[in-house]
Amino acid sequence: MDAHKSLTIGLFGFGVVGEGLYKVLQQTPSLKASIKKVCIKNPGKKRNAPDSLFTTDKDELLNDPEINVIVEVINESEPAFEIVSTALKNGKDVVSASKKMIAEHLPELLGLQKTTERSFLYEAAACASIPVIRNLEEYYDNDLLHSIKAIVNGSTNFILTKMFEDKLDFQQALLLAQQLGFAESDPTLDVEGFDAANKWNFLLTHAYGIVIPPDALVFNGIQNIQAGDASVASEKHYDIKLVAQAKKLENGKVAAFVLPQFIKHEDHLAFVKNEYNGVVIESGFSDKQFFYGKGAGSFPTASAVLSDLSALRYQYKYEY
Ligand code: HSE
């Protein structure tokens with residue numbers, strides 16, 4: 001165990017989340033965490049940080065003995081897996097926000113965490129500012145968790161809100177989601193439900209201890225929803241939302257899917273608008289709980305990375 005060392009970070013990715021983390025760390029000196037190097041793909045781009053911070057050589061980070069934490073926010077599945085697994089094997093703790101990679105590799109990553117005795121944390125990979133992974137993992141007993149109903153993709157929720165409340169058309173709303181940094185670089189991942197399905201996949205592992213092969217989950221996106229659908233829904237006092245849902249059945253199995261649904265105006269999830277996410281949990285003894293917060297965007301996502309760094313500090317007695 002590395003007693004009382006400061007957190008020296010090697011950061012992979014300087015997009016919406018990476019740059020957000022850089023700024024957030026500058027405003028949180030009490031965490032005693034500093035970014036030593038940032039690995040990027042495109043060195044020519046103008047960035048709001050000193051040039052000396054950047055490299056394109058991943059080994060400069062992965063093989064630097066002074067770097068004890070790798071933060072990986074590149075959000076490309078296979079390259080991210082390569083970085084994360086090498087970092088763990090090299091004795092570094094890892095924080096990641098790459099949801100597709102986590103959905104596709106979770107059992108291997110949890111195995112690596114065990115064999116390397118390092119931590120792999122990824123609170124930023126689902127619902128950004130809502131601490132949903134930690135709560136599902138630590139707060140609830142699997143057996144008592146009756147159902148979860150959630151909005152886990154900020155972009156589609158933003159697009160639906162803008163279409164139905166501000167009367168933007170689909171393309172205008174999507175463009176705005178891209179400009180505000182909510183959408184994936186390939187926005188069909190949001191619109192067609194892939195991003196929500198990836199997040200739902202590993203959230204279900206934390207909720208129920210089940211591992212679902214990535215292509216086994218039933219899901220759809222909002223690609224077939226028309227502006228006119230909203231007037232029909234609202235006349236009947238419903239909203240249309242992209243909802244991830246899971247329910248424990250009497251035989252102990254879990255039924256789960258991600259689909260657009262009509263949501264009654266008085267339902268907690270109807271309160272979730274724009275890029276916000278929400279999670280409604282029903283469980284034995286605690287009854288119903290509702291978690292709510294920003295689910296996409298630079299600072300809300302960086303805040304979850306920050307909370308993982310803070311968790312590492314306590315777990316491993318880094319300096320504080
Ligand atoms: N594109 C994602 C979303 C970003 O809109 O939810 C946050 O994971």
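All values below come from the heavy atoms of this structure, side chains included, with hydrogens, waters and symmetry mates left out. Since the model is a prediction, treat every value here as computed from it, not as a measurement. Numbering of ligands and ligand atoms starts at 1, following listing order.
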(message) Please determine whether a side-chain nitrogen of the Lys or Arg among E66 and K36 lies less than 4.0 Å from a carboxylate oxygen of the Asp or Glu.
(response) yes
(request) Look at ligand 1 and say whether G295 reaches it with a heavy atom at a distance under 4.0 Å. (result) yes
(message) Just to be sure I read this right, does ligand 1 sit under 4.0 Å from the backbone of D195, its side chain, both, or neither, counting only heavy atoms?
(response) side chain
(request) Using a strict cut-off of less than 4.0 Å between a Lys/Arg side-chain nitrogen and an Asp/Glu carboxylate oxygen, indicate whether D143 and K248 qualify as a salt bridge. (result) yes
(request) Report the nearest protein non-hydrogen atom to atom 8 (O) of ligand 1: residue, atom name, distance rounded to 0.1 Å. (result) K99 NZ, 2.7 Å
(message) Give the atom numbers and elements of ligand 1 that come within less than 4.0 Å of a heavy atom of K199.
(response) 2 (C), 3 (C), 6 (O), 7 (C), 8 (O)
(request) Taking only Lys NZ, Arg NE, NH1 and NH2, and the carboxylate oxygens of Asp or Glu, determine whether K99 and E184 approach each other closer than 4.0 Å. (result) yes
(request) Within a distance under 4.0 Å of any heavy atom of D190, pick out the atoms of ligand 1 and give their elements. (result) 1 (N), 2 (C), 3 (C), 5 (O)
(request) Could you check if a side-chain atom of F81 sits within less than 4.5 angstrom of a side-chain atom of L109, using non-hydrogen atoms only? (result) yes
(message) Students should be able to answer this: which protein heavy-atom is nearest to atom 4 (C) of ligand 1, and at what distance?
(response) F182 O, 3.3 Å
(request) Enumerate the atoms of ligand 1 whose separation from the nearest heavy atom of E184 is less than 4.0 angstrom. (result) 1 (N), 2 (C), 4 (C)
(request) Please determine if D57 and K37 form a salt bridge, counting it only when a charged side-chain N lies under 4.0 Å from a carboxylate O. (result) no
(message) Geometry only, no angles: is G154 polar-contacting ligand 1 at N/O separations under 3.5 Å?
(response) yes
(message) For K241, is there an ion pair with D267 - N to carboxylate O distance below 4.0 angstrom?
(response) no
